[in-house]
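What follows is one structure encoded as structure tokens, with my remarks underneath.
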Protein chains: 2
Amino acid sequence: MRRHPTLAVQVRDRLRALIAERGLRPGDRLPSENELIALFEVGRTSIREALKLLEQEGVIQARHGDGRYLTSQPSLDRPLTRLEGVTEMLASRGHTADNTVLDITAAEPDRHQRELLQLPPGEAVVRLERLRRHEDDALLYSVDLFPRSLIARPLDEVDWTGSLFRLLAEHGHNVAYAVAQVRAVTLDETQAERVASPRDGAWLLLVQTHHDSAGRPLLYSEDYHRGTDFSFHLVRRRD
Amino acid sequence: MRRHPTLAVQVRDRLRALIAERGLRPGDRLPSENELIALFEVGRTSIREALKLLEQEGVIQARHGDGRYLTSQPSLDRPLTRLEGVTEMLASRGHTADNTVLDITAAEPDRHQRELLQLPPGEAVVRLERLRRHEDDALLYSVDLFPRSLIARPLDEVDWTGSLFRLLAEHGHNVAYAVAQVRAVTLDETQAERVASPRDGAWLLLVQTHHDSAGRPLLYSEDYHRGTDFSFHLVRRRD
DNA sequence: GATGGGCACTCGTCAGACAAGCGTCAATAC
DNA sequence: GTATTGACGCTTGTCTGACGAGTGCCCATC
């Protein structure tokens, strides 16, 4: 990761703060480049590069010869595009769920698992099955898979009730992004039994492969969120 | 919208093409700024601004004094973050569904609808209810609301089976983005009856408010996607 | 009153200069 | 012979000056 942020990135963030301080709204005009040069006491290049970043983010729009204007910009707290682990997400929503470890095993991966996690021959996979409950109601059922080698400790010496992201990070593996699939499902017979929940409800299933910043797959997870308790938000844009 | 793209944006896109042509992979080094200046025959400013945009997108990473390197960058075709109308989405998935208009009415909006669509007093709202089927199976049930004034024609003279986005655009209203909520639901009794579908399946519900680029709300929609037929993909990033 | 031209201002692009940082190679010291 | 340090070449980061392209406003002319 970058040692420290460049001036352009810093100026971009200072521009954001300026927009907020001045209470600028969609359609309002930003100070000109020369005004910003004087205000921020940096060179024009740094100003321009910062402004270009804001423009790419859709925050502002430049009109050649005229100036730069605020666009309308929806903002969401914790959108679905922001990756957070299940533990983190539940905490942010004030869900006081207790986390039960249903199963934790290391085994030889099947071919699908080996491909998913890009495992070398001979490498075992850990399967972690957990259930979050609130007052006897199942809220969230999770099945996680990750390479055995990532956690260099005996499985029975690890506390599996906390955040997997944090656990991986403690062992030097930082999750950077996930490729996610979103589906609506009902539980199959086995799952309904594990979860002790009726089969007729809808669950929002997030199937994700989590990677570090170099693209290495660290974790595969299937998270079943009970439909009556969970929804997610995001902004979608036309191209 | 901008009259024509700036050089920086064009160079950014040419850099993308260059990366693809050369088959550059994560960890590979990009040509230096001076090499790119000669290659693209533009000034250093345009190169730098373009590179900064790619860096913000997470495509590359700059190391001061060393060079710029490709990062790992998952790519998805048509991610959920890309907004497309239901008609468009179905077509892209090769769903040959016939579209039935169950209901089309203009009425006085309730308070919720008025707030959602920021309607002035006296402005009516149009409610459009449609069902997409494939061989008698309901695939997608939609309810759309939009200000009556957006379509300056009698309702019975409009073909409601096609794309709403296209229809709005034909009347000068371009959808730019939507704020979306994703949920897993089962159909209620009324809906199951409308849809002629059993009540026990799971449906992926997308509730969206669509806006033009100035932030004006154009359309509110509830789209129920049958769980066994639809899933969506997206990339999620840690902050 | 309407239209056209000029001017001031703004963003877009190029070029030159210097600072900050990185990696490699050669020289020196142990 | 090996390890450390310094110099050099190269790269990115930042500043500055200059000119081109475009916009909007004001004034003059018809």
Side-chain angles (χ1 to χ4, degrees), chain A residues 1-16 18-19 22 24-71 73 213-214, chain B residues 1-16 18-19 22 24-71 73 213-214:
Chain A
M1 201 63 229
R2 180 176 291 278
R3 198 77 47 88
H4 54 271
T6 59
L7 252 194
V9 168
Q10 289 176 56
V11 168
R12 181 198 62 189
D13 297 340
R14 286 169 73 187
L15 282 166
R16 279 202 240 265
L18 183 76
I19 289 164
R22 295 193 177 180
L24 297 184
R25 318 195 42 176
D28 286 352
R29 193 169 170 288
L30 232 56
S32 72
E33 290 178 3
N34 282 336
E35 284 167 334
L36 293 172
I37 288 162
L39 190 62
F40 289 165
E41 294 180 333
V42 295
R44 189 175 171 210
T45 299
S46 301
I47 295 287
R48 291 187 53 80
E49 286 175 4
L51 288 166
K52 288 287 168 76
L53 297 180
L54 283 183
E55 188 170 8
Q56 180 165 244
E57 289 173 31
V59 174
I60 62 174
Q61 176 178 28
R63 291 187 213 141
H64 189 176
D66 186 6
R68 288 180 171 93
Y69 296 84
L70 264 280
T71 64
Q73 181 74 353
S213 60
Chain B
M1 201 63 227
R2 180 176 290 280
R3 198 74 50 89
H4 54 270
T6 59
L7 253 194
V9 168
Q10 290 177 56
V11 168
R12 181 198 62 190
D13 297 340
R14 287 169 72 186
L15 281 165
R16 280 202 240 266
L18 183 77
I19 289 164
R22 295 193 176 180
L24 297 183
R25 318 196 42 180
D28 285 353
R29 193 169 171 286
L30 232 56
S32 72
E33 290 178 5
N34 283 335
E35 284 167 334
L36 292 171
I37 287 162
L39 189 60
F40 288 164
E41 293 181 334
V42 295
R44 187 175 172 212
T45 300
S46 302
I47 294 287
R48 290 186 56 77
E49 285 175 6
L51 289 165
K52 289 287 167 74
L53 297 180
L54 284 183
E55 187 169 10
Q56 179 165 246
E57 289 172 32
V59 175
I60 61 174
Q61 177 177 28
R63 290 187 213 141
H64 189 174
D66 185 6
R68 287 180 173 93
Y69 296 85
L70 264 278
T71 63
Q73 180 75 350
S213 61

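Every chain is numbered from 1 and lettered A, B, ... according to where its sequence line falls, protein lines coming before strand lines.
- Ala50(B) approaches Val11(B) most closely through the heavy-atom pair CB-CG1, 3.4 Å.
- In this structure, Pro31(B) and Leu18(B) approach most closely via the heavy-atom pair CG-CD2, 4.3 Å.
- When rounded to the nearest whole Å, the span between CG of Leu51(A) and P of dT10(C) equals 13 Å.
- Heavy atoms of Gly43(B) sit under 4.0 angstrom from primed sugar atoms or phosphate atoms, though from no base atom.
- The residue Arg48(A) sits close to a base: some heavy atom pair falls under 4.0 Å.
- Considering only the side chain of His64(A), dG20(D) comes nearest among dT13(C), dG20(D), dG21(C).
- The separation between Glu35(B) atom CD and dT12(D) atom C1' is 13 Å, rounded to whole Å.
- In this structure, Glu41(B) atom CD and dT13(C) atom C1' are separated by 15 Å, rounded to whole Å.
- Glu49(A) places its CD atom 8 Å from the C1' atom of dT14(D), with the value rounded to the nearest Å.
- Each of Gly67(A) and Thr45(A) has a nearest nucleotide on DNA chain C; the 5'-most of these lies closest to Gly67(A).
- Contact check on Lys52(A) versus Glu57(A) returns no salt bridge, with no Lys/Arg side-chain nitrogen under 4.0 Å from an Asp/Glu carboxylate oxygen.
- Side-chain atoms of Lys52(B) lie closest to dT14(D) of the nucleotides dA19(C), dG12(C), dT14(D).
- Between the P atom of dT11(D) and the CG atom of Leu36(B) lies a distance of 11 Å, rounded to the nearest Å.
- Phosphate contact (OP1/OP2 of dT10(C), side-chain N/O of Arg63(A), threshold under 4.0 Å): absent.
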Before you tell me yes or no, could you show the steps for Asp28(B) and Arg25(B) under salt bridge (Lys or Arg N to Asp or Glu O under 4.0 Å), namely the whole-Å CA-CA distance, both residues' side-chain angles and the distance that decides it to 0.1 Å?
CA-CA 5 Å; Asp28(B) 285 353; Arg25(B) 318 196 42 180; 5.9 Å; no
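- Atom pair Asn34(B):CG and dG16(C):P shows a separation of 11 Å (rounding to whole Å applied).
- The side chain of Asp66(B) lies closest to dG23(C), out of dG23(C), dA20(C), dT23(D).
- Between dT12(D), dT10(C), dC11(C), one nucleotide has an atom nearer to the side chain of Arg29(A) than all others, and that is dT10(C).
- Residue Leu7(B) has its side chain nearest to dT13(C) when only dT13(C), dG13(D), dG12(C) are considered.
- Minimum interatomic distance between Leu24(B) and Arg29(B) (heavy atoms only, all atoms of both residues): CD1-O, 4.4 Å.
- A donor-acceptor contact under 3.5 angstrom links the side-chain atoms of Arg44(A) to the base of dT13(C).
- Between the P atom of dC11(C) and the CG atom of Leu30(A) lies a distance of 9 Å, rounded to the nearest Å.
- Checking dT13(C), dC15(D), dT12(D) against the side-chain heavy atoms of Ser46(A) singles out dC15(D) as nearest.
- Distance CD (Glu33(B)) to P (dG13(D)): 7 Å, rounded to an integer number of Å.
- Across the interface with DNA chain D, nearest-nucleotide mapping of Ile47(A) and Gly65(B) shows Gly65(B) to be the residue nearer the 5′ end.
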